[in-house]
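Report on the following structure.
In listed order, ligands and their atoms are each counted from 1.
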Amino acid sequence: MNIQQVDYNGLIPNNVDLGSDVRVKRALEKWHPGYINWWNDMGPDGFQESLVYLRTAVSVDPKGWAVFDYIRMPEYRWGILLAPAAEGRMVPFGAHKGEPAWQEVPGEYRAMLRRLIVIQGDTEPASVEQQRHLGKTAPSLYDMRNLFQVNVEEGRHLWAMVYLLHKYFGTDGRDEAEGLLQRRSGDADTPRMLGAFNEKTPDWLSFFMFTYFVDRDGKMQLEAQAQSGFDPLSRTCRFMLTEEAHHMFVGETGIGRTIQRSCEAMVRAGIDDPHNIEAVRKLGVIDLPTIQKKLNLHYSLALDLFGSEVSTNAANAFNSGLKGRFQEHRLQDDHQLKDDVYPVLKLIDGQIKRVEEPALTALNMRLRDDYTTDCSKGVARWNKIIEANGIKFALTLPHVAFHRHIGEFRDIAATPTGELLDKAAWEKSRDAWLPSVADGDFIAGLMQPVVERGKFASWIAPPKVGIDNKPGEFEYVKIA
Ligand SMILES: [Fe+2]
Ligand SMILES: [Fe+2]
């Protein structure tokens, strides 16, 4: 079959020739009703009957892979799509570097690989669960549509991981695929596997921060797994990255538009001092210091997703050829890291110090550093918006020791600039650094839905261009 074109004839669209793989096809068809039940229970609340202008992948050709059309979300064609195989691909790093890439699971790494896939898979439905109430307070039909696009694609990413589990992991894979439908974000007994995916996403600024910071962690993890010597995982992740780019676009432009509106309102009202929070809030926009606090929260939660700075699990996953580094193929070294070192921030004698660690065990730290570099680009663009409005304020990423729950800094209390405090002093200043209950209440108060075509809530500027080049008045969601 032609890998570029997706087969839409069966229940499960795919480009993996599911038609001639009876065992996996049956297994997935059996899993399908449970998935639809999950979507109906945990997917966007109140909009399952609405027609949404969504993109669906019809090809894996990077030049033209998607079509746009109105669709009811439960009828979305969630499919299994792998990027085309690279001919003669080798394991690109680790102890097996230079051996032909694996088309089957290497027995000795089976458990490790399964765990990587399950952890990735668990994040996908989790974010749908976290965002399920947001449709009701969407600031526009445009934004509502973007939310639902992200949601259906996270659903597809779950399918992507479930395919790997069913195809390559037999009975264990089937059990894991069931588990992915059983856990629930924030549930006391059966929570999702990672901390940030059990947090609430109570308002649209949180949603934009989430798609900017947490989906970007997803990007880094997918980039690292796209390098995998296990070829089906590599091909799966490569295609997921195409979709993921839109999620981060939603985050970056959503925050940018929020900032734009805040700045415009301040200029119009003649408010120079961005810290005059009360005056700014009276204008029906979100003040910049509160945006900074939201940023502090979501960035620090996202950093926790990278795990411990020094980690033998990370070393093992690399050595085995399962999980590489960000853009491994562009790096100029031996791709085995036998004698290399990498600088790691650690807590030594009560001080934060940079020390050299074996590069192999420091891979989480390295990926996290690459992530920080990636994050800072958007922050610079946001600051340009503030500057262009002539306001003296700059957003910054907080220090990596700030507000951490995992790794070196989990037991200390650091300020956003990285100074260490005692816990009581930190608690006293907490509300200056992280969103307070009052901040949350203020933002919640602004979250009034706007469902009139071409109209936007007071606190956010319209986008520069529409989705699929549609004009501003376009009815992105036909609410049922
Ligand atoms: Fe995803
Ligand atoms: Fe995503």
Which residues and atoms, counting only protein N, O or S, are under 2.8 Å from the Fe ion (ligand 2)? E154 OE2, D215 OD2, E244 OE2, H247 ND1
Using a 3.5 Å cut-off and no angle test, enumerate the donor-acceptor pairs between side-chain atoms of residues 114-125 and protein atoms at least two apart in sequence or in another chain.
| from | atom 1 | to | atom 2 | distance (Å) |
| --- | --- | --- | --- | --- |
| R114 | NE | E176 | OE2 | 3.3 |
| R114 | NH1 | D172 | OD2 | 2.9 |
| Q120 | OE1 | Q225 | NE2 | 3.3 |
| Q120 | NE2 | E124 | OE2 | 2.9 |
| D122 | OD1 | R183 | NE | 2.8 |
| D122 | OD1 | R183 | NH2 | 3.3 |
| D122 | OD1 | R192 | NH1 | 2.9 |
| D122 | OD2 | M193 | N | 2.6 |
| T123 | OG1 | Q120 | O | 2.7 |
| E124 | OE1 | H157 | ND1 | 3.3 |

Is it the case that over 12 heavy atoms from other parts of the model lie below 6.0 angstrom from the CD atom of E452? no
Does the gap between the ring centers of W31 and Y163 come in under 6.0 Å? no
Check whether Y70 forms a cation-pi arrangement with K478 (NZ or CZ under 6.0 Å from the six-membered ring centre, at most 45° off the ring normal). yes
Can you tell whether the side chains of R325 and E223 come within less than 4.0 Å, N to carboxylate O? no
So, T372 and Y299: side-chain donor and acceptor under 3.5 Å apart, yes or no? yes
